[in-house]
Structures are given as C-alpha cells and as structure tokens.
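Have a look at the structure below, then the notes.
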Amino acid sequence: MMYAQSKLRGFSLIELLVAIVSMLILMSAIYSIFRIQSQRSATEEEIINLYMNARVALERLQFVFAHAGFGCYDSFKNGKVMIGDDSNGSKLTINTFLYDIQDNNVLSDKSDSVIVTMAFKKIAEVDGSYEDANLIDFKNIKSPKISVLDSSFKKYIAFFPDLNGDVFYKVIKNDDPFLLDQNVKRLFDDSDVFMVAPIKVVVEDSILKLKNYAYSSTIFWEVASNVWKFHIQYTEDGTTWLNVPDNPQNVKGVWVFLLFKSDRIQPGYQDNKTYTLAGENISNLPGGYHYLLAHRKIWIRNVQ
C-alpha cells in the first residue's frame, strides 16, 4: 500500500521581504492617518479654546462697561473725586467714570486700557429708614470690608435706590452706624448698599485682566487668555466712534475689539484674512497660528 508523501515548504526570502514591505507600508499609512487626525483634533481644540475665551471675555466686558458709572455718574458730573493708592505707590485721583484712557495703535505691540468706576458689589443693606441723615446703620454686611484709610478705595459706597441720584458717599467712620461725608435725602429699610471702586481693564501677557482697586492695588483677576490685541472705541452721540473721546463723562457706549491667537502652530497653515480693529486693518499675520476676531458694542446704562 502506497502513501502520498506531502512536501513541507517554507517562505522564500523574496516572499518574506514582500511581506515585511507590505507591513511597513500598511503601518506607515495607519501612522499617517493617525498623525493627520491628531493634528486635526489639536487644531479643533485650539479653535474651540479661542471661541471659549472670546465668549468669556465679551460677557465680562459687557458687565463692566454696561455698569460703568453706576453709583458714581452724578457725583463725577458735579465735580466730586475719588482718591486712593495706585499699585506704583502714587495717588490715583478719579474724576470721571471712564478714566486714564490709553489708546495704542493696532499695529503696535501694546493694547488699549481704561479704568472704569462702578458700584461693583452689594456689601450690605440699610437697617431702618432715614431722612436727611448721614449716620446710617447697616445689616447683613459682606466683604470687602469698608476701610476709611486715605490710601484705600474701600471707603466709597452708593445706595440703591437713592433720591440724591447716581452718587457715591465717602465713609469717614467705619463703625456701625457708618458716618458719611454728606446727608442722604431718604433711605428705606432694606435698601441696597454697594461698594464703589475703580476697575482697570487691561491686557498683559496675552491675558485680559481686571484690577479692582477695592481689593488690592496689586491683584489682577484673569478673565481670558490668548488675547493678542485689545482695542476700544468710544461714542458720545451713538454714531461717531473715537479712539479717545472728547469728554469721557459724556461717553454713551464703547465698542470693544479682541483679536485672539492660538497657542500652538499648525505647520503649513497661513491665515490670509484681513481683520479690522477700531477702524484699522491688520493682515499678513504671523504664519501657523489660528486667529479669531471678537467685537461688541456695549451701551452704558447710566449715561443719559
């Protein structure tokens, strides 16, 4: 009886090389797809981050500028001033609700800045009813704590509602009851008490910052990052927009412009758009970065 003898045969060198090359081509294709997808995901993350920063920045600027002059507009209009220390050790004398307006060219490395004064936080309520009085009891007192020190911006307050108008009072004795520098026509029980202070709006190290002088002359609140340029225009008539207003006390609205720039470079990418900030065009931007322009007109509520 005869049996067929099977022949066992291995891979030849050529077949082995073909298999290895095929595997390398497949791995290279998979890596290329993975790299492209990773770059795309990183780019999408950068763009989403720009949009998030823009939304946060515009919302915060909306609040600050819309409330500019709240609790102080009429006082400044009538010649009253607020005095306290600046972070550089000098005295800061505020005589209008938009103060120290710094205008810089869009093509320069510097952004604009401004100091906005407003009643920024409710710190207490009036305890009882008063008429033509300057010695007032407070209740439900919150921080920041009132201070009568000459160097402090924690000594200015405003009431809402107040028949005297949109005015601030200087506290000259910070014990309850609090002694004010002028009489209040009429206050009702539970009326709101606000602290009034200047707040600097500025961009430093690509970060939009707010410096509230009532808390500390050196503390900044970081609002949004990736801000490459920040510029402001002002209007006194609702139609004409100027980089520097003729009379800050008459400003009815501001137009804020923020140009954001991504953190990381995308090789081979070039933004060829032309962006307009505060009436100036900017183009030929540094290559590899993604940019986003955000702007908004903000009307000031307390200016008639």
Side-chain angles (χ1 to χ4, degrees), residues 60-61 63-65 67-104 110-124 134 136 138 141-159 166-182 192-205 207-223 230 232 234 244-245 247-249 251 254 300 302:
R60 198 59 191 169
L61 292 174
F63 177 83
V64 171
F65 284 110
H67 291 84
F70 173 45
C72 59
Y73 177 78
D74 290 329
S75 288
F76 289 136
K77 187 177 180 180
N78 294 326
K80 197 171 181 181
V81 300
M82 299 173 61
I83 300 175
D85 280 351
D86 199 352
S87 56
N88 58 16
S90 64
K91 286 292 182 183
L92 193 64
T93 302
I94 309 293
N95 59 6
T96 180
F97 71 95
L98 294 177
Y99 179 77
D100 192 26
I101 295 172
Q102 298 296 317
D103 171 50
N104 291 290
K110 293 184 177 180
S111 291
D112 293 352
S113 66
V114 62
I115 293 178
V116 181
T117 302
M118 57 184 288
F120 69 95
K121 183 180 180 182
K122 177 181 173 180
I123 59 168
N134 68 341
I136 313 296
F138 293 171
I141 299 175
K142 306 177 183 67
S143 63
K145 185 178 179 181
I146 294 173
S147 172
V148 298
L149 296 176
D150 288 340
S151 61
S152 173
F153 276 106
K154 298 181 180 181
K155 56 183 174 288
Y156 300 103
I157 62 171
F159 300 101
D166 211 4
V167 301
F168 64 82
Y169 302 83
K170 180 180 177 181
V171 179
I172 55 180
K173 184 176 78 71
N174 59 337
D175 295 317
D176 205 2
F178 292 84
L179 182 63
L180 310 180
D181 64 340
Q182 60 181 312
D192 293 333
V193 182
F194 288 87
M195 182 167 285
V196 183
I199 300 172
K200 188 169 187 176
V201 184
V202 65
V203 168
E204 293 181 343
D205 301 323
I207 300 174
L208 176 64
K209 300 178 180 181
L210 302 178
K211 180 168 72 171
N212 189 322
Y213 288 86
Y215 284 97
S216 171
S217 60
T218 59
I219 290 178
F220 280 92
W221 298 339
E222 296 186 356
V223 177
F230 170 57
I232 313 171
Y234 306 84
V244 178
N247 186 350
Q249 189 66 21
V251 171
V254 299
I300 299 173
N302 299 283

Just by distance, do the side chain of Asp166 and the backbone of Gly71 share a donor-acceptor pair under 3.5 Å? yes
Under 4.5 Å between any side-chain heavy atoms of Phe120 and Val64, yes or no? no
Within-4.5 Å side-chain heavy-atom neighbours: Lys80 and Gln182: yes
Could you tell me if the ring centre of Phe168 sits under 6.0 Å from that of Phe194? no
Check whether any side-chain heavy atom of Ile94 sits under 4.5 Å from a side-chain heavy atom of Val81, and report yes or no. no
Can you see which heavy atom on Tyr156 is nearest to which on Ile83, and at what distance? OH-N, 2.9 Å
Is Asn212 close to Met195 at the side-chain level, that is, under 4.5 Å between some pair of heavy atoms? no
Beyond-backbone contact of Tyr169 with Asp181, side-chain heavy atoms, under 4.5 angstrom: yes
Shortest non-hydrogen contact from Leu92 toward Phe153: O-CZ, 3.7 Å
Kindly indicate, with the supporting measurements, whether the criterion side chain to side chain contact (heavy atoms under 4.5 Å, CB included) is fulfilled by Val196 and Met82. CA-CA 10 Å; Val196 183; Met82 299 173 61; 4.3 Å; yes
Quick check against the 3.5 Å criterion: does Tyr99 have a side-chain atom that pairs as donor or acceptor with the backbone of Thr93? yes
To the nearest 0.5 Å, what is the distance between CD1 on Ile141 and CD1 on Ile123? 8.0 Å
Side chains of Gln102 and Val114 in contact at under 4.5 Å (non-hydrogen atoms): no
Per the side-chain contact (heavy atoms from CB on, under 4.5 Å) rule, which among Val116, Val201, Ile219 passes with Leu210? Val201
Using a 4.5 Å cut-off on heavy atoms from C-beta on, say whether the side chain of Phe178 contacts that of Val193. no
What are the two closest heavy atoms between Tyr213 and Asp85, and how far apart are they? CD2-O, 3.8 Å
Quick check: closest heavy atoms across Pro245 and Val251, and the distance to 0.1 Å? CB-CG2, 3.6 Å
With side chains defined as the heavy atoms from C-beta onward, is the minimum distance between Ile300 and Met118 less than 4.5 Å? no
Could you tell me whether a side-chain N or O of Lys121 sits under 3.5 Å from a main-chain N or O of Ser143, the two making a donor and an acceptor? yes
For Lys122 against Asp192, the heavy-atom pair lying closest together: NZ-OD1, 3.0 Å
Would one find more than 12 heavy atoms of other residues, nucleotides or ligands at under 6.0 Å from atom NZ of Lys77? no
Could you give the distance from NZ (Lys154) to CG (Leu149), rounded to the nearest 0.5 Å? 9.0 Å
Would you please indicate yes or no on a ring centroid separation below 6.0 angstrom for Tyr73 and Phe97? yes
Residues, nucleotides or ligands: over 12 heavy atoms within 6.0 Å of Lys145 NZ: no
Should the heavy atoms of other residues, nucleotides or ligands under 6.0 Å from CG of Asp205 be counted, would the total exceed 12? no
Gap separating the CG atom of Leu180 from the CD1 atom of Ile136, nearest 0.5 angstrom: 5.5 Å
With distance as the sole test, does Ser111 use its side chain to make a donor-acceptor pair with the main-chain N or O of Phe230 at under 3.5 Å? yes
Where do Ile157 and Phe138 come nearest, in terms of heavy atoms and distance? CD1-CZ, 3.7 Å
Between the side chain of Lys155 and the main-chain N/O of Ile172, is any donor-acceptor distance below 3.5 Å? no
Examine distances only and state if a side-chain atom of Asp112 and a backbone atom of Asn104 form a donor-acceptor pair shorter than 3.5 Å. yes
Glu204 side, atom CD; Phe220 side, atom CZ - distance, nearest 0.5 Å: 4.5 Å
More than 12 heavy atoms of other groups within 6.0 Å of Lys110 NZ: no
Lys200 vs Asp86, salt bridge (Lys or Arg N to Asp or Glu O under 4.0 Å): CA-CA, chis, key distance, verdict: CA-CA 11 Å; Lys200 188 169 187 176; Asp86 199 352; over 6 Å; no
